Amino acid sequence: MSATEVTTTVGKMSVSNEGLLAWVREMAAMCAPDRVVWVDGSAAEKAALTAQAVAEGVLTPLNPEKRPGCYYARSNPNDVARVEHLTFICTPTKDEAGPTNNWMAPDAAYAKLRGLFTGAMKGRTMYVIPYAMGPIGSPYTKVGVELTDSIYVVLNMGIMTRMGARVIDMLGGSDGWNRGLHSTLDVNPERRFICHFPQDNTIWSVGSGYGGNVLLGKKCLALRIGSYLGRTEGWLAEHMLILGVQGPDDKEPTYVAAAFPSACGKTNLAMMIPPAQLAGWKVWTVGDDIAWMRVGPDGRLWAINPEAGYFGVAPGTSMKSNANAMASIARDTLFTNVALTDDGDVWWEGMEGPVPETLTDWQGRPWKKGSPDKAAHPNSRFTAPMANNPALSPHADDPQGVPISAIIFGGRRSTTVPLVMQSFNWSHGVYLGATMGSETTAAAVGKVGVVRRDPMAMLPFCGYNMGRYFGHWLAMQQRIANPPKIFQVNWFRQGKDGRFLWPGFGDNMRVVKWVIDRAHGRVGAQETPLGWVPKAGHLDLTGLDLSHEQVDAATHIDLDEWREEFALQGEFFKTLGDDMPAVLRLQRELLMARIG
Ligand code: GTP
Ligand code: SPV
Ligand code: MN
């Protein structure tokens, strides 16, 4: 292979992958940027690009004494979250995308977006970002290349992924990489499309500059294309955090993966600090958003976190709710759409301490204490390197990942769903995941607080037909000789007064303790028609300032509420039609028979 010298921000880099070079030339010919600049991932490059972003007004430096190495960005107010209605799975047939995805025929999608990309980068720089999802050198890692005209995307990808020359080296001459193309265009929702071409391992994204729409390694590659590859290759790509938990008598941590929908508590659980009464327990974060899981030679399910940073929800993050996240964002972090204090620090609703008298809100307007408007956007976010997390697992960069003993599915439900339940077996566990409902949040554009089915927290992220995705989960059982136990949780049940019944956050450790004790078969459980629940006294509630009535209300199973829930699940099953696996239909019938 002959090497070609390509231009980077700070010098030259050598690239010998002919397919990659040809594709970059082809895309550049279409987009017509003024220059093409490759990303090498060096510290010098980061410094130069950051300085340039500041000079261009894309980033504002924060007070270096309060937030060293931190910068602030404001997005267009029309561009503050994922856009599910503008996200498409472009498989040859609509049937492959299935009824839960928007679909466009690949030819039509390419033609439409080619029209938008043609000449779109005139006067701009096209950055070429080679990035890896997963540890460099891991057999489970996937390589992607994102072409973008956004310097903000480059700097975010530098935190969220391993990127640059080492990825080019890892790729070698291989053809197995994802082709990602992104332009912010004029950030107009009328010209905003996030298109996935699973058969071509290609992603084209236009018209947005925000988060999951444009950091193509994250939702687009690691979940939508990832889930498609997972089915073909026999593994699972999931919207799950991964954490390690070690009790005072445990020789090793037990690893748990948990799927909660967007803005429903993954980052918080992944970084949880146990309450004083469980101080002997340690928690380590492996990942906070995405898990790639494969069957290991030992017949267990092994998980890696393909990301290298956290793109986390800012509002609600405080020393009390998530001290590890606060430590993670103390330095070298990018903040998007939060509020600014007068002394150049960040602020958001739910941060402790007195509310500042005056702030600059997420749209750059002066804000006064007592204003009815939120100072920070509800989906404002931080982008922080995982290396900053005091609770980072020593295995976060382990090419083999960690063995998973328990899988948890959880939604945001103000009623019906009890604090914790264990499934009877794998297929019942898949049923619990497949029927999961959750109230919508600000992480996606649309109405907030509406219950919808969000199976396995993958409704917006499954890159193919949902019924076949369930079939893939069911089929995995035969491959996993030592399968994890499957649980369902709900931290968000409310009392009649509208307040959360369960304190949540660090106190979730009490539930996770029961989960891993169950996974190891070292604690009993009570059988109910819906699943196994903790026996009276088995949830460690010492030191918790909670009345018996509250605990009862948080854990209660009301079969009348569940009859309504089953009707809603039934409607969802209907939308999946013939693609719904027979096993899940049978699970539903068994359940209905049990509750009468
Ligand atoms: P994405 O990054 O969008 O995938 O979200 P996530 O699942 O990582 O959500 P995150 O942990 O950032 O939590 C989002 C919101 O839920 C924040 O406002 C938290 O304060 C709130 N939250 C998290 N855990 C709990 C909990 O145990 N109880 C309650 N009541 N709220 C919680
Ligand atoms: C989510 O919405 O689930 C996120 C944020 O993790 S984003 O990257 O914008 O998708
Ligand atoms: Mn997410």
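Since the structure is predicted, the reported quantities are computational estimates derived from the model, not experimental observations. Index from 1, following the sequence. All values below were derived from every heavy atom in this structure, side-chain atoms included, with hydrogens, water molecules and symmetry-related copies excluded.
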Notebook entry, point to check: Under the criterion side-chain hydrogen bond (donor to acceptor under 3.5 Å, both in side chains), which of Y72, Y152, W362 is the partner of T336?
Noted result: Y152
Check: So which pairs with a foot in residues 375-387 pass side-chain hydrogen bond (donor to acceptor under 3.5 Å, both in side chains), sequence neighbours left out?
Finding: N156-T383, Y210-N379, N379-R381
Checklist line | More than 12 heavy atoms from other groups under 6.0 Å of NZ on K369 | finding: yes
For [X], give me all partners under salt bridge (charged side-chain N to carboxylate O under 4.0 Å, His left out), at least two apart in sequence or on another chain.
X	value
K142	E233
D397	R162
D289	K218, K219, K266

Checklist line | salt bridge (charged side-chain N to carboxylate O under 4.0 Å, His left out) contacts in which one or both residues fall within residues 453-462, not counting sequence neighbours | finding: R453-E565
Checklist line | Summary of salt bridge (charged side-chain N to carboxylate O under 4.0 Å, His left out) pairs that have at least one residue in residues 486-502, sequence neighbours excluded | finding: R493-E561
Next item on the list: Flag the pair E84 and R82 as a salt bridge only when some basic side-chain nitrogen lies within less than 4.0 angstrom of an acidic carboxylate oxygen.
Entry: yes
Side chains of [X] and [Y]: do they bring a donor and an acceptor to under 3.5 Å?
X	Y	answer
E238	W473	yes
N388	S328	no
N508	W502	yes
S414	E439	yes

Checklist line | Check: F382 ring centroid to Y310 ring centroid under 6.0 Å | finding: no
Note to self: Treating H472 as the side-chain partner and W235 as the backbone partner, does any N or O pair qualify as donor plus acceptor under 3.5 Å?
What the structure shows: yes
